J.: 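Shown below is the structure under consideration.
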Amino acid sequence: MAQERYNAPEREKHWQRIWEEQQTFLTSADRSRPKYYVLEMFPYPSGRIHVGHVRNYTMGDVVARYKRARGFNVLHPFGWDAFGLPAENAAIQKNVNPREWTYDNIEAMRTQLKRIGLSLDWTREFATCDPDYYHQQQRIFQAFHKKGLVYRKKSKVNWDPVDHTVLANEQVIDGRGWRSGALVEQKELAQWFFKITHYADDLLDGLDTLDKWPDKVRLMQRNWIGKSQGLLMRFNLSGEKVPADFGSVQVFTTRPDTIFGASFIGISPEHPLAKELAKTDAKLAEFIEDCRRIGTAQEDIDRAEKKGYDTGIVAAHPFRSTTKLPVYVANFILMDYGTGAIFGCPAHDQRDLDFARKYKLKVKAVVIPEGTDPAEFKVGDEAYTGPGLLQNSSFLNGLTVEAAKEEVAERLAKRSMGEKKTSFRLRDWGVSRQRYWGCPIPVIHCEKCGVVPVPDEDLPVRLPDDVSFDKPGNPLDHHPTWKHVTCPTCGGKATRETDTFDTFVDSSWYFARFTAPHAAEPVESAEADYWLPVDQYIGGVEHAILHLLYARFFTRAMRDCGYLGLAEPFNALFTQGMVLHETYFDDKQNWLAPDEVTIETENGVRKAFRLEGAREPVSIGSIEKMSKSKKNTIDPDLFTQHYGADVARWFVLSDSPPERDVVWTEEGVQGAWRFTQRVWRLLNEAEPRLAPLDAKAPATFSAPAQALRRAAHKGLAAVAEEIEGLRFNRAIAAVYEFANALQAALQDKATAGDESFGFALREASVFFMHMINPIMPHLAEEGYSLLGYNTLLANEPWPEVERSLLVDDTVTIAVQVNGKRRDEIVVPRNADRADLEAAALRLESVTRAVDGRPIKKVIVVPERIVNVVA
RNA sequence: GCGGGCGUGGCGAAAUGGUAGCCGCAAGGGACUUAAAAUCCCUCGGCCGUAAGGCCAUGCCGGUUCGAGUCCGGCCGCCCGCACCA
């Protein structure tokens, strides 16, 4: 064929210009069509897009383009999660202004993203650091405050004494600040909290309605909320050492039924009683200090041995006055959960058992599995936590675990020694950050009036631009003038709150703001009511808990403040996999980037060589998540300039299911690139043979024409179905399958001069462009234009398939003998059971396999299988 | 430790309880070419067999079923999440 190669980079620019000129992807105000809101999690503007972005945004774009073609009114917006630490780090390291740095990054990334050809409505773009956005966020805070959903309390933070800054858990490495290396201190600071626990039950119950979320994510949220029903029990204390005001200790338990198996009381090292005792007990103080040194990291706690300190105090058993329980301070009891105190029942709790064995405490089994002889039942190294009947338990003997729980609760309640209590693991959301680059918390601290919200007319509280990062600590705090204000209530001297919001606050309502991004209110009811919820939300599974839980909380809180009319923001959630790449390193353990090496295959073994210099051999490492530190990244921008966006879009969705990780390989890219060229070639071969644009459908189709039509209609239907299910890899397989059929049809000499084939070929070619359009929109427009159309494919509706062409007249079904496949037969689709049975029994292969045995029965499943049982 | 998921060709993968391996990648052979690239055609799970055909095969062992990659039970291995949560 004489046609030129498809010049993707050049043609892609062309079509992107046309789309932009014609405002093709502007959100329509048309309310007559059903709406569809597709959203991908917005990115942090780091400065460069990476391949993971390409995959994430392409997935959303495929859905958006497909739904548009299906007649939906689509909202597909984009924005920037633009507050956060990296901007401050850049300010410190490169002496740039965080605001300028951020907006420069946004500018650069927007340019890169536009080269991907995403069908976004860019008129709705905003960044969370836009004063307009954080202005509205401050107003939401005031509304939450008024509603009682916000409060201030003292809370522990990781404090870096050198940098004068609060550190996130991940910034504390081996107990030291990641930048300063200073030993991190635990410090109490007054912090702002959102009362997410107010919605704990609702957030939990709501999960049941989210049937289009991955079960995994729902389970993670359920565990995070961690609801448990239990009992608060009071134990009276006695002993010389009992401090004043500590006559009793409150314990939370989910196993009150095991009370007769109790052998000790355990309290957290941070429990008030422990702290009080430590004042006069130096050894205890030392023990508590030791516990603190274990740290808060999961790994450390896991590795730590269970340890306790006997306080010498004893607690009275509530039902058996002769039993006294020693009170231990124990390192495995968390102050944050329940009451920070437990009663230990070693036989039925593994941790208690480990503890009891170490300190030689009594282990008494009080629950035994039904049907087991109590005399035989022994607790060894494993606690028994299953169901069973109570024994050795006075009035509880013979009861089930459930009944015993009730009985204990009732008896204690009568004596005011216990009450039922539901506990949640979920804690209120601390939103204060001692940082500059975030949304200012709009309150003023006045010596006379206390905490005063900034009045609405004074909002927004803007971040000052003239900040200095010369000194350690929060620039807002040591800005010469910014924090000094007069109190809005009394007019006296006052200071601004210098904390800013956790950036998770910014991302907790942006999806709502997109429905009316320029409104003078946080949201515009009519718009929000029309567009919300998001119909399809797409993003990384790393946000499975925090971001998604906070957004669900915000939606409820905003509903209760009158902003929104719903509880659940995201109807369907999809979590996509990461993009991985092989790694390379030299003998000095220096990582090498993919474009610094060349791969050659010698005797079937892949070997890597350094491209520059002496071509020294280098090692091929494992396949890992693309990261700057391992240098195994691919720059989508460079890639797009060379191969085009369509190749990148096609490749990241091919091969692997979208929820799974995909490995970026040069071979895979080549395959995608070859396919774009093949599409172009096929179209150019087809074009001269197409029926004219205005040709009427012929009355009858030749066999090859009919076969092509079947392939086209089946292909189109398959692509539609797979995109609906977000199975993009399978959509791509269906396109390949159709392309193979089209190619075979074009090579078929019998079609020369066949008019009905020309018609079928036009139809098939048009369908072909529709099939690839969601994934390779530029090539699809180019091809559509080649076929003689002067409208944009992006505006064309998805063609209707003829259902009759989706089913074949004949089917091939397998014939089994005793469940083993022996043959296959081609039969009319509607052949009845008797015909199928007869056809199968006629087969020589069946006779041979039956080998003279009597036939017991024949299983016939029309259109599926015949199984002869002999 | 607890919870969840996954184990299928050389690789990524596909398969409403009904012909295991669609599609792609890699590999091998051939055509075209002065040559290469590109493209096109063929082969491609393993074993036995000249062939026809047969046997084995979805991590391992068992079960249910006419029929199991798929359902159930028990192991083994890998991955992910987490909360020592009373």
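Here the structure is a predicted model, which is why all the values come from computation and not from measurement. Chain letters run A, B, ... following the sequence lines, proteins first, then strands; residues in each count from 1.
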J.: Side chain of A:Arg853, backbone of A:Val850: donor and acceptor closer than 3.5 Å?
T.: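 Yes.
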J.: Assign A:Asp349 to base, sugar-phosphate, or nothing according to its heavy-atom contacts below 4.0 angstrom with the strands shown.
T.: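 The residue A:Asp349 makes no contact with any strand.
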J.: With respect to the side chain of A:Gln743, which nucleotide from B:U19, B:C82, B:C41 is positioned closest?
T.: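 Shortest atom-to-atom distance from the side chain points to B:C41.
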J.: Can you tell me how far P of B:A37 sits from CD of A:Gln677, to the nearest Å?
T.: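 Atom CD in A:Gln677 sits about 17 Å away from atom P in B:A37.
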J.: With a 3.5 Å limit on both atom pairs, tell me what B:C78 is paired to, counting Watson-Crick and G-U wobble, or say none.
T.: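 Pairing partner: B:G5.
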J.: So does A:Arg678 get a side-chain nitrogen or oxygen closer than 4.0 Å to the phosphate oxygens (OP1/OP2) of B:A38?
T.: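 For B:A38, neither OP1 nor OP2 has a side-chain N or O of A:Arg678 closer than 4.0 Å.
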J.: Any base atoms under 4.0 Å from A:Ser845, or only sugar-phosphate, or nothing? Heavy atoms, all strands.
T.: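 A:Ser845: no heavy atom of the nucleic acid under 4.0 Å.
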J.: P atom, B:G49 versus B:A13: distance in rounded Å?
T.: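 Each nucleotide's P atom is 36 Å from the other's.
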J.: Take atom P in B:G59 and the same atom in B:A14, then report the distance between them in whole Å.
T.: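 Per the computed distance, 14 Å lies between those P atoms.
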J.: Between B:C66, B:G24, B:C85, spot the one nearest the side chain of A:Tyr736, thanks.
T.: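 Taking heavy atoms from C-beta onward, the closest nucleotide is B:G24.
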J.: Is there a side-chain contact between A:Asn632 and A:Trp664, using heavy atoms and a 4.5 Å cut-off?
T.: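 No - every pair of side-chain heavy atoms lies 4.5 Å or more apart.
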J.: Which one, B:C25, B:G54, B:G18, comes nearest to the side chain of A:Arg822?
T.: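 Nucleotide nearest to A:Arg822's side chain: B:G54.
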J.: Report the distance from atom CD of A:Gln670 to atom C1' of B:C25, rounded to the nearest whole Å.
T.: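 It is 12 Å, rounded to the nearest whole Å.
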J.: Compare the minimum distances between each of B:A83, B:G12, B:U39 and the side chain of A:Trp224, then state the nucleotide with the smallest one.
T.: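 Given the options B:A83, B:G12, B:U39, the side chain of A:Trp224 is closest to B:A83.
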J.: Expressed in whole Å, how much space separates the P atoms belonging to B:U43 and B:U8?
T.: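 B:U43 and B:U8 have their P atoms separated by 26 Å.
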J.: For the pair A:Arg55 (side chain) and A:Val652 (backbone), establish whether a donor and an acceptor sit closer than 3.5 Å, ignoring hydrogens and angles.
T.: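 It does hold such a pair.
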J.: Starting at CG of A:Leu353 and ending at P of B:C2, how long is that distance when rounded to a whole Å?
T.: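 Going from A:Leu353 (CG) to B:C2 (P), I get 14 Å.
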J.: Could you check which of B:U16, B:G24, B:C40 has an atom nearest any side-chain atom of A:Asn740?
T.: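 The closest nucleotide is B:G24.
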J.: Taking C-beta and beyond as the side chain, do A:Phe651 and A:Trp673 meet within less than 4.5 Å on heavy atoms?
T.: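 When only atoms from C-beta onward are counted, A:Trp673 and A:Phe651 do not touch, as no gap falls below 4.5 Å.
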J.: To the nearest Å, give me how far apart CG (A:Asp352) and C1' (B:G1) are.
T.: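 It works out to 14 Å between those atoms.
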J.: Under 4.0 Å between a side-chain nitrogen and a carboxylate oxygen: does that hold for A:Arg842 and A:Asp823?
T.: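 No.
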J.: Quantified in whole Å, what is the P atom distance between nucleotide B:G5 and nucleotide B:A68?
T.: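 Looking at atom P only, B:G5 and B:A68 are 24 Å apart.
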J.: Determine the Euclidean distance between corresponding C1' atoms of B:G9 and B:G21; express it in Å to zero decimal places.
T.: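 It comes out at 7 Å once rounded to the nearest Å.
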J.: Is any side-chain N of the basic residue among A:Asp208 and A:Arg222 closer than 4.0 Å to the acidic one's carboxylate O?
T.: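 Looking at A:Asp208 and A:Arg222, the cut-off is met.
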J.: For the side chain of A:Arg821, counting heavy atoms from C-beta on, which of B:C40, B:U19, B:G24 is nearest?
T.: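 When the side chain of A:Arg821 is considered, B:U19 is the closest of B:C40, B:U19, B:G24.
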J.: Any strand counts, and the cut-off is 3.5 Å on both contacts for Watson-Crick or G-U wobble. Which nucleotide pairs with B:C40?
T.: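 Paired with B:G30.
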J.: Using a 3.5 Å distance criterion without hydrogens, assess whether the side chain of A:Arg649 forms a donor-acceptor pair with backbone atoms of A:Thr58.
T.: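 Side chain of A:Arg649 to backbone of A:Thr58, a donor-acceptor pair under 3.5 Å: no, none is there.
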J.: Work out how far the P atom of B:U58 is from that of B:C71, and round it to whole angstrom.
T.: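 After rounding to an integer number of Å, I get 15 Å for this pair.
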J.: How is A:Glu824 classified with respect to the nucleic acid when contacts are heavy atoms under 4.0 Å: base, sugar-phosphate, or nothing?
T.: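 Base: the residue A:Glu824, judged by heavy atoms under 4.0 Å, touches a nucleobase.
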J.: Indicate, with a heavy-atom threshold strictly under 4.0 Å, whether A:Lys856 touches base, sugar-phosphate, or nothing.
T.: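 No contact.
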J.: Which nucleotide in the list B:C85, B:G12, B:C23 gets nearest to the side chain of A:Arg425?
T.: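 The closest nucleotide is B:C85.
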J.: Could you work out the separation of B:A57 and B:U50 based on their P atoms and round it to a whole Å?
T.: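 Their P atoms lie roughly 24 Å apart.
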J.: Verify the contact: side-chain N or O of A:Arg660 to OP1 or OP2 of B:A13, cut-off strictly under 4.0 Å; return yes or no.
T.: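 Checking A:Arg660 against B:A13: at least one side-chain N or O falls below 4.0 Å of OP1 or OP2.
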J.: Below 3.5 Å, does any donor atom in the side chain of A:Arg674 face an acceptor in the base of B:U39, or the other way round?
T.: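 When only heavy-atom distances are counted, A:Arg674 does not reach the base of B:U39 through any donor-acceptor pair under 3.5 Å.
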J.: Looking only at side-chain atoms of A:Gln816, point me to the closest of B:G12, B:A26, B:G18.
T.: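 Out of B:G12, B:A26, B:G18, the nucleotide with an atom closest to A:Gln816's side chain is B:G18.
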J.: Given that both distances must come in under 3.5 Å, which nucleotide forms a Watson-Crick or G-U wobble pair with B:A68?
T.: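 For B:A68, the partner nucleotide comes out as none, under the 3.5 Å rule.
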J.: Tell me whether the side-chain N/O atoms of A:Lys625 come closer than 4.0 Å to OP1 or OP2 in B:C80.
T.: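 So the side chain of A:Lys625 is outside the cut-off, no N or O lying under 4.0 Å from OP1 or OP2 of B:C80.
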J.: Expressed as a whole number of angstroms, how long is the span from A:Leu653:CG to B:G24:C1'?
T.: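 Computing the A:Leu653:CG to B:G24:C1' distance gives 14 Å.
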J.: Reading RNA chain B from 5' onward, which residue's closest nucleotide shows up sooner: A:Gln747 or A:Ala672?
T.: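 Taking each residue's closest nucleotide, the earlier one in sequence belongs to A:Ala672.
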J.: Whole Å only: how far is the CG atom of A:Asp661 from the C1' atom of B:C6?
T.: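 One finds 13 Å between C1' of B:C6 and CG of A:Asp661, rounded.
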J.: Please work out if A:Ile859 contacts a base, only the sugar-phosphate, or nothing of the nucleic acid, heavy-atom cut-off 4.0 Å.
T.: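 Base contact.
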J.: Classify the nucleic acid contact of A:Val869 as base, sugar-phosphate or nothing, counting any heavy atom under 4.0 Å across all strands shown.
T.: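 Sugar-phosphate, backbone atoms only, no base.
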J.: Would you check if A:Lys420 and A:Gln229 make a side-chain contact, meaning some heavy-atom pair closer than 4.5 Å?
T.: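 No. Closest side-chain heavy atoms not under 4.5 Å.
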J.: Using heavy atoms to find the nearest nucleotide of RNA chain B for A:Arg727 and A:Asn818 separately, return the residue whose nucleotide is more 5′.
T.: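 Looking at RNA chain B, the more 5' nearest nucleotide goes with A:Arg727.
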J.: For A:Arg218, is there an ion pair with A:Asp215 - N to carboxylate O distance below 4.0 angstrom?
T.: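 Answer for the salt bridge query: yes.
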J.: From B:C85, B:G53, B:C82, pick the nucleotide closest to the side chain of A:Arg848?
T.: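 Nearest nucleotide to the side chain: B:G53.
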J.: Please give the distance between the P atoms of B:A27 and B:A37 as a whole number of Å.
T.: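 B:A27 and B:A37 have their P atoms separated by 12 Å.
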J.: From the set B:C55, B:C85, B:A38, return the single nucleotide nearest to any side-chain atom of A:Tyr337.
T.: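 The listed nucleotide nearest to A:Tyr337's side chain is B:C85.
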J.: Return the nucleotide paired to B:G17: Watson-Crick means purine N1 to pyrimidine N3 with N6-O4 or O6-N4, wobble means G-U with N1-O2 and O6-N3, both under 3.5 Å.
T.: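 Base-paired to nothing in any strand shown.
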J.: Touch check for A:Ile333, heavy atoms < 4.0 angstrom, all strands: base, sugar-phosphate only, or nothing?
T.: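 Base contact.
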J.: What does A:Gly671 touch in the nucleic acid at a heavy-atom separation under 4.0 angstrom: a base, only the sugar-phosphate, or nothing?
T.: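 A:Gly671: backbone/sugar contact only, no base atoms under 4.0 Å.
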J.: Using a 4.0 Å heavy-atom cut-off, does A:Asn729 contact any base of the nucleic acid, only the sugar-phosphate backbone, or nothing at all?
T.: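 The residue A:Asn729 makes sugar-phosphate contact but no base contact.
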J.: As a test of the definition: with a 90° window around 0 for syn, would you call B:G9 syn or anti?
T.: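 Syn, which is what one calls it when the glycosidic angle falls within 90° of 0.
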J.: B:C85 P sits how many Å from A:Leu334 CG, rounded?
T.: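 These atoms are roughly 8 Å apart.
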J.: Quick check: does any side chain N or O of A:Lys227 sit under 3.5 Å from a backbone N or O of A:Thr422, one acting as donor and the other as acceptor?
T.: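 No.
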J.: Identify whether any heavy atom of A:Ser654 sits under 4.0 Å from a base atom; if not, whether one sits that close to sugar-phosphate; answer base, sugar-phosphate or nothing.
T.: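 No contact.
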J.: Rounded to the nearest Å, what distance is computed from the CD atom of residue A:Gln350 to the P atom of nucleotide B:G3?
T.: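 Rounded to whole Å, this separation is 13 Å.
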